[in-house]
Number of protein chains: 2
Amino acid sequence: MLDKQEKIFKALSDKNRIRIVKMLQKKSLCVCEIKDVLKLATSTVSKHLSILREAGLIVDWKDGKWINYKINPAPDSLVANALLYTQLQIEDDETIKNDRKLINCVDRNILCCN
Amino acid sequence: MLDKQEKIFKALSDKNRIRIVKMLQKKSLCVCEIKDVLKLATSTVSKHLSILREAGLIVDWKDGKWINYKINPAPDSLVANALLYTQLQIEDDETIKNDRKLINCVDRNILCCN
DNA sequence: TTGTCATTTCGTTAAATATAGAAATGATAT
DNA sequence: ATATCATTTCTATATTTAACGAAATGACAA
């Protein structure tokens, strides 16, 4: 239980991962859309997503060519409260607000050309 | 703001530091008392405490020979909510419960002999 | 003022982490 | 079947982190 709590905090202890969670709390996204906002290599974004997934914060599902990520819709209580905390905090942070503007403009059909 | 949130999560992303916060949420303690519970070197405990202090989660004050640590009594909203979250979670974890038993038995006058 | 003692800071080491690029995967579309 | 393409896994590297012991600090007591 302590281990699980540590894992949750560790997952959220990186600026880019906080940004990802705050984005997903507004909208489901695929890897290349997140990559476009964070300006990181695809493999790095994928790694961040796997850390968030392993902590139980997010889930993914296939949709044609793409793998979408969203906030875990059925979290246990530890995760649920961590997500609630994250959702309520830093809502008016400039980076977060800008990220949220960007995700409304991204088009995966244009972005995703490896 | 995002940086501050990251710092708070980083501070809480270590098992020993979570244990420290959960202990301090029951009782103010000095370094050697925490050291006795965690079974770490004094310098290591001191370092953990400084990370928690820098994140705004705890404060310290002098009391004769000792330096006491306690939960920040006047936290800003980010920290206050993080502390509330931490206070409510893993209350029935075995390690946490055992730590709390131990802090009621420690006697700094016996423990602290470098 | 000198010694004692709790704590912090410093220096070092080992382990963990963030990052990127290249190769592997796996599903879709032609 | 084969090519395409988003994503993951692998490999490598640079940075950060946790840990310890030794030395420095700073306050209290003798």
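Below, chains carry the letters A, B, ... as their sequence lines are ordered, and counting in each starts from 1.
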Write down the distance between CZ (A:F9) and P (C:dA16), rounded to a whole number of angstrom. 21 Å

Would you list the atom pairs, donor with acceptor, under 3.5 Å between side chains in residues 23-30 of chain B and any protein atom, with sequence neighbours excluded?
{"from": "B:Q25", "atom 1": "NE2", "to": "B:L83", "atom 2": "O", "distance (Å)": "3.0"}
{"from": "B:K27", "atom 1": "NZ", "to": "B:I103", "atom 2": "O", "distance (Å)": "2.9"}

Polar atom pairs between nucleotides 20-24 of chain C and protein, under 3.5 Å, N or O only, would you list them?
{"from": "C:dA20", "atom 1": "OP2", "to": "A:A41", "atom 2": "N", "distance (Å)": "2.8"}
{"from": "C:dA20", "atom 1": "OP2", "to": "A:T44", "atom 2": "OG1", "distance (Å)": "2.9"}
{"from": "C:dA20", "atom 1": "N7", "to": "A:S43", "atom 2": "OG", "distance (Å)": "3.3"}
{"from": "C:dG21", "atom 1": "N7", "to": "A:S43", "atom 2": "OG", "distance (Å)": "3.2"}
{"from": "C:dG21", "atom 1": "O6", "to": "A:S43", "atom 2": "OG", "distance (Å)": "3.1"}

Check the distance between D:dC28's P and B:I67's CD1 and give it to me in whole angstrom. 11 Å

Rest of the hydrophobic cluster containing A:I51 (Ile/Leu/Val/Met/Phe/Trp/Tyr, side-chain heavy atoms under 4.5 Å)? none

Taking A:G56's backbone N and O only, do any of them form a donor-acceptor pair with A:N72's side chain (distance below 3.5 Å, no angle check)? yes

In whole Å, I'd like the distance from the NZ atom of B:K35 to the P atom of C:dT8. 13 Å

Between D:dG26 atom C1' and B:D63 atom CG, what is the distance in whole Å? 15 Å

How many Å lie between NZ on B:K47 and C1' on C:dC10, as a whole number? 11 Å

State which residues pass side chain to side chain donor-acceptor pair (under 3.5 Å) with B:K4; sequence neighbours excluded, sorted by chain then number. B:D76

Over all strands shown, is A:I51 touching base, sugar-phosphate only, or nothing at heavy-atom distances under 4.0 angstrom? sugar-phosphate

Please step through salt bridge (charged side-chain N to carboxylate O under 4.0 Å, His left out) for the pair A:E91 and A:R100, ending with a clear verdict. CA-CA 10 Å; A:E91 277 292 288; A:R100 284 171 171 179; 3.1 Å; yes

Partner residues of A:D99 under the side chain to side chain donor-acceptor pair (under 3.5 Å) criterion, sequence neighbours left out: A:R19

Rounded interatomic separation in angstrom, taking CD1 from A:I34 and P from C:dA18: 16 Å

With a cut-off of less than 4.0 Å, is there a side-chain N or O of B:H48 near OP1 or OP2 of D:dA19? yes

Using whole Å, what does the distance between atom P of nucleotide D:dT9 and atom CG of A:L49 come to? 12 Å

B:D36: which residues meet the side-chain contact (heavy atoms from CB on, under 4.5 Å) condition with it, sequence neighbours left out? B:K39, B:V106, B:L111

When every nucleotide of nucleotides 25-30 of chain C is labelled 5' to 3' by its protein contacts under 4.0 Å (heavy atoms), B for base, S for sugar-phosphate only, - for none, what sequence of letters results? --SS--

Sorted by number, the residues of residues 14-22 of chain A with heavy-atom contact under 4.0 Å to DNA chain C: A:D14, A:N16, A:R17

Partners of B:D93 by salt bridge (Lys or Arg N to Asp or Glu O under 4.0 Å), sequence neighbours excluded? none

Residues passing the side chain to side chain donor-acceptor pair (under 3.5 Å) test with A:Y69, sequence neighbours excluded, are none

What's in the same ILVMFWY side-chain cluster as A:V59, cut-off under 4.5 Å, chained through other members? none

Ranking A:D60 and B:K10 by the position along DNA chain D of their nearest nucleotide, the one closer to 5' is A:D60

Which whole-number value in Å describes the distance from A:D36 CG to D:dT7 C1'? 16 Å

Scan for ring pair (Phe, Tyr, Trp, His ring centres under 6.0 Å) pairs involving residues 5-54 of chain B, sequence neighbours excluded, and state none if there are none. A:Y85-B:F9

